[in-house]
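Structure record follows, encoded as structure tokens.
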2 protein chains.
Amino acid sequence: MRAALITAGRQLLAEAGLAGLSLRAVTRQAGVSPTAAYRYFADREHLLAAIATSGVWELTADLEAADRLGVDKLQDQACAYIRFAVANPALYRLIFGPERLSHYPELESALAAAYGVLAARVAKQAAPGRATDKTMACWCLVHGLASLAIDSRLPPDAGPAQLLAARLTATLSLEN
Amino acid sequence: MRAALITAGRQLLAEAGLAGLSLRAVTRQAGVSPTAAYRYFADREHLLAAIATSGVWELTADLEAADRLGVDKLQDQACAYIRFAVANPALYRLIFGPERLSHYPELESALAAAYGVLAARVAKQAAPGRATDKTMACWCLVHGLASLAIDSRLPPDAGPAQLLAARLTATLSLEN
DNA sequence: CGATTATGTTGACAGTGTCAACTGTTTTTC
DNA sequence: GAAAAACAGTTGACACTGTCAACATAATCG
């Protein structure tokens, strides 16, 4: 049932956005009583954290797939990242949003895993010693781009965000 | 009174975070009745948008100051940006957060102004033709870094976020 | 079988966003 | 200057939310 609540939440999130993601709406969607969720989640926030965590694992899998199948593997990871964000805007916002979802250990470790996939790629391509900085720059750039793209705050003539991600990632000049 | 509500909101935002920023709390803080704000804002969201807008103008002013007074003007802008975000985390999250605050024209134009300050700087330093891409990369990077820093999602050994901003900005290699 | 525990439901409380109706005050207009 | 209109803010109410305590029911196990 924990799982049922999470998928109900993700559906609600996709349909009605973060605003529609009330505890009661989730239980309603799952067909149970308003307070049933309290058996599985201490808090509304804990439910949100669980939903976010499920999303992060999905993102991690996408990144891994891009790295396994891609040709320009780093750019492909960036593309996959943006694709995920654009396909699940509300979920993405929940993950990185202003809720105080830090210090939920499961979420933390899921995020660490996603970060690890990128870091591994950069480590293979960047000049040694510059890897951590480059990884961070890449992460920040892609995350920032995703945030802006989702909120359609990119210049209108910027073109599709995924291409942008590839282009901008390429400007990071890993080799020096 | 519009102004009083906005400053009350910003105070609440700084003290209690986004969660504490209820319409009723703002009116309470301003010492008026719970529904008084509806004379000035159609919606809670409109109030939030106004608060966010006031923040963005402040940020714009900070960027301009950094560009006027700085030595490494681009890095200084990046530093100022991060400093603003770290000093006003809740406000920053409100501005770029998951609320549907797009399509508020005042907010839009305030953001455009901030973006313009950065764009002008980059245009002066970047190779012609690459300016728009470089501007966007810079904006995304700094915005992403700010988001991550605020939510303390940066690697713990990364050092202060403002220095990071300068370092990462420098890796953008504007000249080619 | 009976006792215990897991699972879920009812009922209630405070707090929220929002609206309609009301009162007092200021400004406009003749 | 008086009547009328616009403004500014309040009261009362409604549906909704997160949360908790108390209750019912089903599953598990000795």
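The analysis underlying the following values was restricted to heavy atoms, covering all of them including side chains, and did not include hydrogens, waters or symmetry mates. Note that the structure is a prediction, hence the values are computed from the model and not measured. Lettering of chains follows the sequences in order, A, B, ..., and the numbering in each one begins at 1.
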Donor-acceptor pair (no angle test) under 3.5 Å: [X] side chain, [N] base:
X       : N      : value
A/Arg24 : D/dG18 : yes
A/Thr35 : C/dT10 : yes
A/Arg39 : C/dG8  : yes

Measure the distance from [atom1] on [X] to [atom2] on [N] and round it to the nearest whole Å.
X       : N      : atom1 : atom2 : value
A/His46 : D/dT19 : NE2   : P     : 11 Å
B/Gln29 : C/dT16 : CD    : C1'   : 17 Å
B/Asp43 : C/dT16 : CG    : C1'   : 13 Å
B/Met1  : C/dT25 : CE    : P     : 17 Å
B/Leu47 : C/dT18 : CG    : P     : 10 Å
B/Leu12 : C/dG15 : CG    : C1'   : 15 Å
A/Tyr38 : C/dG11 : OH    : P     : 18 Å
A/Leu48 : D/dT17 : CG    : P     : 14 Å

* Within the structure shown, what part of the strands sits under 4.0 Å from B/Arg28 by heavy-atom distance: base, sugar-phosphate, or nothing? ->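 Sugar-phosphate, no base atom in range.
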* So what does B/Tyr40 touch, heavy atoms closer than 4.0 Å: a base, only the sugar-phosphate, or nothing? ->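 Answer is sugar-phosphate: B/Tyr40 comes under 4.0 Å of backbone atoms only.
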* To do: Measure the shortest side-chain to side-chain distance between B/Glu58 and B/Arg10 over non-hydrogen atoms and say whether it is less than 4.5 angstrom.
  =>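 Sidechains of B/Arg10 and B/Glu58: in contact.
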* Can you tell if the side chain of A/Leu145 reaches within under 4.5 Å of the side chain of B/Trp139, non-hydrogen atoms only? ->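 SC-SC contact between A/Leu145 and B/Trp139 ruled out.
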* Quick one: which of D/dT19, C/dT9, D/dG9 gets closest to the side chain of B/Ser33? ->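 When the side chain of B/Ser33 is considered, D/dG9 is the closest of D/dT19, C/dT9, D/dG9.
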* Asked: What nucleotide among D/dG9, C/dG17, D/dT19 has an atom nearest to a side-chain atom of A/Arg44?
  ->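 Of the options given, the side chain of A/Arg44 lies nearest D/dT19.
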* Asked: What distance do B/His143 atom NE2 and A/His143 atom NE2 have between them, rounded to the nearest 0.5 Å?
  ->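 B/His143 NE2 to A/His143 NE2: 6.0 Å, rounded to 0.5 Å.
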* Is it true that the side chains of B/Tyr38 and B/His46 contain a donor and an acceptor less than 3.5 Å apart? ->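 No, B/His46 and B/Tyr38 have no side-chain donor paired with an acceptor closer than 3.5 Å.
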* To do: May I ask you to evaluate whether A/Ser22 reaches the phosphate of D/dT17, defined as a side-chain N or O under 4.0 Å from OP1 or OP2?
  =>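 Answer yes for this pair, as a side-chain N or O of A/Ser22 is under 4.0 Å from OP1 or OP2.
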* **First encountered from the 5' end of DNA chain D, between A/Leu21 and B/Pro34** => B/Pro34
* To do: Could you tell me how the ring of A/Tyr81 sits relative to the ring of A/Phe96: parallel (under 30°), tilted (30 to 60°) or perpendicular (over 60°)?
  => tilted
